[in-house]
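Structure first, commentary second.
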Amino acid sequence: MYRIASTAILALVSALPVAAQQTSDILAPEPETQVMQDFPGLSNAATAALDAKREGRPVEADNWMVTAAHPLAVEAGAKVLREGGNAADAMVAVQAVLGLVEPQSSGLGGGAFLVWYDAQSGELTTLDARETAPLAADPRYFLDEEGEPLSFMTAVVSGRSVGTPGTPRLMEEAHRRWGRSNWRGLFTDAIELAQDGFTVSTRMAESVAAAAESLGSFPATADYFLPGGAPLTAGDTLVNADYAETLRQIAAQGTAAFYTGEIAADIVAATRTDALPGLLSMTDLARYQVIERPAICYDYRGNAVCGMGPPSSGAVAIAQILGKLENFDLGAMDPQDAQTRRLMGDATRLAFADRGRYLADSDFVPVPVEGLIDRDYLARRADLLRGDDALPEVSAGSPEWDHAQIWGDDLRQERPATSHISIVDSDGNVLSMTTTIESGFGSRIFVRGFLLNNELTDFSFRSHADGWPIANRVEPGKRPRSSMSPTIVLRDGVPVLAIGSPGGATIIGFTAQTIIAHLDWGMNVQEAVMMPHLVNSFGTYQIEADTWAEDLVDPLSDLGFQTNVTALTSGLHAISLGDRLQGGADPRREGIALGE
Ligand code: GLY
C-alpha cells in the first residue's frame, strides 16, 4: 500500500508546459481510423458521449465519470454510480457487461490488475488478479519432447494455455473491500442483456471474422460465435443464456460458485483438450487468491505515476521510460519531431531490455524493482540517449541489486487484446483496471457462456537462455509476466489522472505516450488518447498507419531505425481530475466516457 499525504479529493490542475499548439488539429487520427458506429437503444447521454468522441472532445462532469470499451458496459457502470454506488461497485457492473459484449477481450475466464485510490484514507492499493499456472506445471510446460518450444499458436488454441482465472475473485475482493451496493444487483444489467440478447457490434463481428478459423476448433465456441458455420455479423441479436446463468449463480452465491462445484468442474474439463491438454485442476481453482501488492510509484516532474508492480512489467517499464525522459526537456520538444521520437523510442527499447531480463512474478524470483527505477540508474541509462542517432543495439543494464542470480533474456511479447476501465466516483475514489483473456478470444475455449484465457503463453516458452534460467519461465502456481499498466497519477498526493490501455506489449508505449501527452504537452485526455502512436519496444519502430505518424517514417529511418507502418489499436480510457472531471475514450475502439 502506498500512502498518499493528502486526502483532498479534487485538485486544481496547475498550468502545464505546453509545446504543442492547437493539439486537436495536428494530432487527431484521420477519421478512417476512428470506429464510427451507432449502438441501438443507447441513452441520450451515451449518444452525446459518442458524439463528443467523434468530435475529439472530452466528456466533462462534476461528480463521477466512467470510461470503458463498450457503451453498454459504460451505461451499466453509470447506472450504479447514479444510484449511489461507488467506483468498486460500478467496476463489477462494467466488467460483467464487458464479458458479454466484448468477449474477445476480457471476462470471467481471464485475469486483471486493479489500482485503487481511496478518497477517505488517501491510500493507494494495487490488487493482482493475474492467472496462475497449474500446480502440476513445470518449466517444460511449453517445450516439446526435444526441449524445443511448442509452436506459439498451437499452444494458444489449446487447454495448455489456460491459467486459473482471477477476474471473478477480483470483482468480489474489490466489492468486499470498498463496495457499498448490493452485490447481487450489480449483475442485473448483464444478466438481462445476456438473457434477452444484445446487438453484436462492428468490432466484435470483425474480431469474430478475423478469428473464425481458430474459433472453429472447439464445438461450443463454434456454436456461439459461428452459428450455422458462419461468423456472427454486426447487428445480429445474440443471446447467451449460459452466461446469464453463470452470473446468476455468482450473484446469488458469490464467486465460490465459480471456483468450486460444477462451474469449476466444467472449466477443468474444458481444458483437457484432445491436442495439448492443460493441467489445471479443481485445486488450482479452489485455492486461487487475489494478492495485494505494493504500488510502484515514480515521481515524474512532480507527478507520482503509480501502477502495478510484478508480475506486471507495466509500472516499472513506464517509470523507466519517464525516468530516462525526465533528463530531457520534453515539454519544449515537438511531438511530431523525429528527435523527440528517437528519445521516446530508445527509452522504451532500453526499458524492454531490462524487462526481458528482470521482470517476472516476484513471489518466485527476486526482482530488483528499486534498482530498476532508481533515479541515478535511470540517469545513467539516459546518458545512452545523448547522441543523435538510433541506438544500434540495446541490452539490459545492471541495476543495484543485492542478489547473485543472473537471468537469461526473455523477449516474449504479450498479444494485443485486453480492455481497460477507468472510474471516478462522487466520493473521489479512483479506479484504474486493466482486464484480459490475453489474445483475442483467449484460448478459444468457451464454457458456461465465457471464454477461457490463454494467459500462460505470456510465460517464456524456453526455461533458459544462453545457459541462464529465464526469470519468466513457467513454475507451478506462478503468474506470467504482463504488460498491463493500470495507472493513477497523483500530484501532491491528489489524483489527477487515471489511465490504461489494452495492446499486449504495446500497452506500455501507448500508456507512456498518453501520460507524456497530458503532462508534458498539455493535451486534454481526449486529445491525448487520440494522438497517433509510435512505439518501439523491440527494435522496429511501429508507426500507426493512416495518421500523421507516417510522415516520420523517412526521418526515423534516416536516424537508423527500422520502421513498420501498421495498425496500433490501443483502447485507452482515461479520466483527468481537475476543476472538473474530463473523460477520454479511444477512437480506435467502441467505448465512451460518461459522467454527471
Ligand atoms: N495479456 C496481456 C498482458 O498481460 O500484457
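Quick note: residue numbers are just sequence positions, from 1. One-based numbering, in listed order, for ligands and for the atoms of each.
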Carboxylate-amine/guanidinium contact D242 R448, below 4.0 Å: no
R130 near ligand 1 by a heavy-atom separation under 4.0 Å: yes
Does the side chain of T67 come under 3.5 Å of the side chain of H420 through a donor N or O and an acceptor N or O? no
Answer yes if the side chains of R444 and S217 hold a donor-acceptor pair under 3.5 Å, and no otherwise. no
Do other residues, nucleotides or ligands put more than 12 heavy atoms under 6.0 Å from R140 CZ? no
Close-contact set for ligand 1 against [X] heavy atoms, below 4.0 Å:
{"X": "E455", "value": "1 (N), 2 (C), 4 (O)"}
{"X": "S483", "value": "3 (C), 4 (O), 5 (O)"}
{"X": "T436", "value": "1 (N)"}
{"X": "S482", "value": "3 (C), 4 (O), 5 (O)"}
{"X": "M484", "value": "3 (C), 4 (O), 5 (O)"}

For ligand 1, is there an N or O atom under 3.5 Å from any N or O atom of T418? no
Hey, does R481 come in under 3.5 Å of ligand 1, counting only N/O atoms on both sides? no
When K478, R479, R293 are each screened for salt bridge (Lys or Arg N to Asp or Glu O under 4.0 Å) with D363, the one that passes is R293
Pi-cation contact, Y141 with R160 (under 6.0 Å, within 45°): yes
